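Take a look at the structure set out below.
It should be emphasised that the depicted structure is a prediction, and the values quoted were computed from it without experimental measurement. For the numbers below, each heavy atom of this structure counts, side chains included, while hydrogens, waters and symmetry mates do not.
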Amino acid sequence: MPGQLPRDVPVTDLPSAHKGQKDCTNEKVPGVGLLSIRQASGAKDNKASNSWWEAWLVRDDNTVLSIRNWTRIHGPGKEGPPLKTYPLTKAQLRQLALK
């Protein structure tokens, strides 16, 4: 989902891991911007974890691209049981964000 940060927020101010997030990496990509990838998890439901990988790319012009790689969706409209693995690896998520 593309968006834009206010002009006064430097790309270097992207936060590192928040509560419930782990394996956070921030990478300055020359000529592109700052790429932050982290793993997060939400509430537990029926002993199944709601977790995801998330990539944020804050480009040099302050445009923001956010991608989430889910294993499960809770609530109405969910289709099927949780996935055993993420649809994309961390490396594939990085590649997708940089395309």
Side-chain angles (χ1 to χ4, degrees):
M1 135 189 324
Q4 189 134 12
L5 286 178
R7 289 276 172 204
D8 59 343
V9 177
V11 280
T12 54
D13 285 355
L14 214 72
S16 33
H18 295 290
K19 184 178 179 182
Q21 296 180 334
K22 56 187 177 181
D23 197 14
C24 180
T25 58
N26 290 323
E27 173 187 359
K28 178 68 177 151
V29 182
V32 178
L34 182 68
L35 177 63
S36 178
I37 299 178
R38 62 195 73 195
Q39 187 178 18
S41 61
K44 303 273 183 186
D45 177 59
N46 298 329
K47 297 182 182 177
S49 175
N50 177 22
S51 61
W52 62 91
W53 278 100
E54 178 176 60
W56 282 77
L57 176 62
V58 181
R59 296 172 12 147
D60 290 336
D61 66 359
N62 273 8
T63 0
V64 179
L65 173 68
S66 171
I67 303 170
R68 281 193 177 168
N69 186 23
W70 295 86
T71 56
R72 178 182 177 115
I73 297 175
H74 292 283
K78 68 179 181 179
E79 297 180 14
L83 300 172
K84 292 183 194 256
T85 60
Y86 292 98
L88 301 172
T89 64
K90 184 177 179 181
Q92 289 170 324
L93 185 62
R94 180 186 180 278
Q95 266 186 324
L96 180 61
L98 293 175
K99 282 191 176 188

Next item on the list: Could you walk me through whether R38 and S36 pass the side-chain hydrogen bond (donor to acceptor under 3.5 Å, both in side chains) test, one step at a time?
Entry: CA-CA 7 Å; R38 62 195 73 195; S36 178; 2.5 Å; yes
Check: Under a 4.5 Å cut-off applied to non-hydrogen side-chain atoms, are E54 and Q39 in contact?
Finding: no
Checklist line | For Q95, side chain to side chain donor-acceptor pair (under 3.5 Å) partners two or more places apart | finding: none
Notebook entry, point to check: K28 and L34: which non-hydrogen atoms are nearest, and at how many Å?
Noted result: N-CD1, 3.8 Å
Item checked: Within-4.5 Å side-chain heavy-atom neighbours: L35 and W56 -> no
Checklist line | Distance-minimising heavy-atom pair for P87 and W70 | finding: CD-O, 3.3 Å
Item checked: Considering all heavy atoms, the nearest A97-L65 contact -> O-CD2, 3.7 Å
Margin query: Using every non-hydrogen atom in the two residues, find where G31 and D60 come nearest and quote the distance to one decimal.
Written below: C-OD2, 3.5 Å
Checklist line | Separation of W53 CH2 from R68 CZ (nearest 0.5 Å) | finding: 14.0 Å
Next item on the list: Return the set of residues passing side-chain contact (heavy atoms from CB on, under 4.5 Å) with V32 (not counting sequence neighbours), or none when no residue passes.
Entry: V29, L57, L98
Check: Which heavy atom in N69 sits nearest to a heavy atom in Y86, and how many Å separate them?
Finding: O-CD2, 3.3 Å
Checklist line | Non-neighbouring partners of L96 that pass side-chain contact (heavy atoms from CB on, under 4.5 Å), sequence neighbours left out | finding: I67, L88
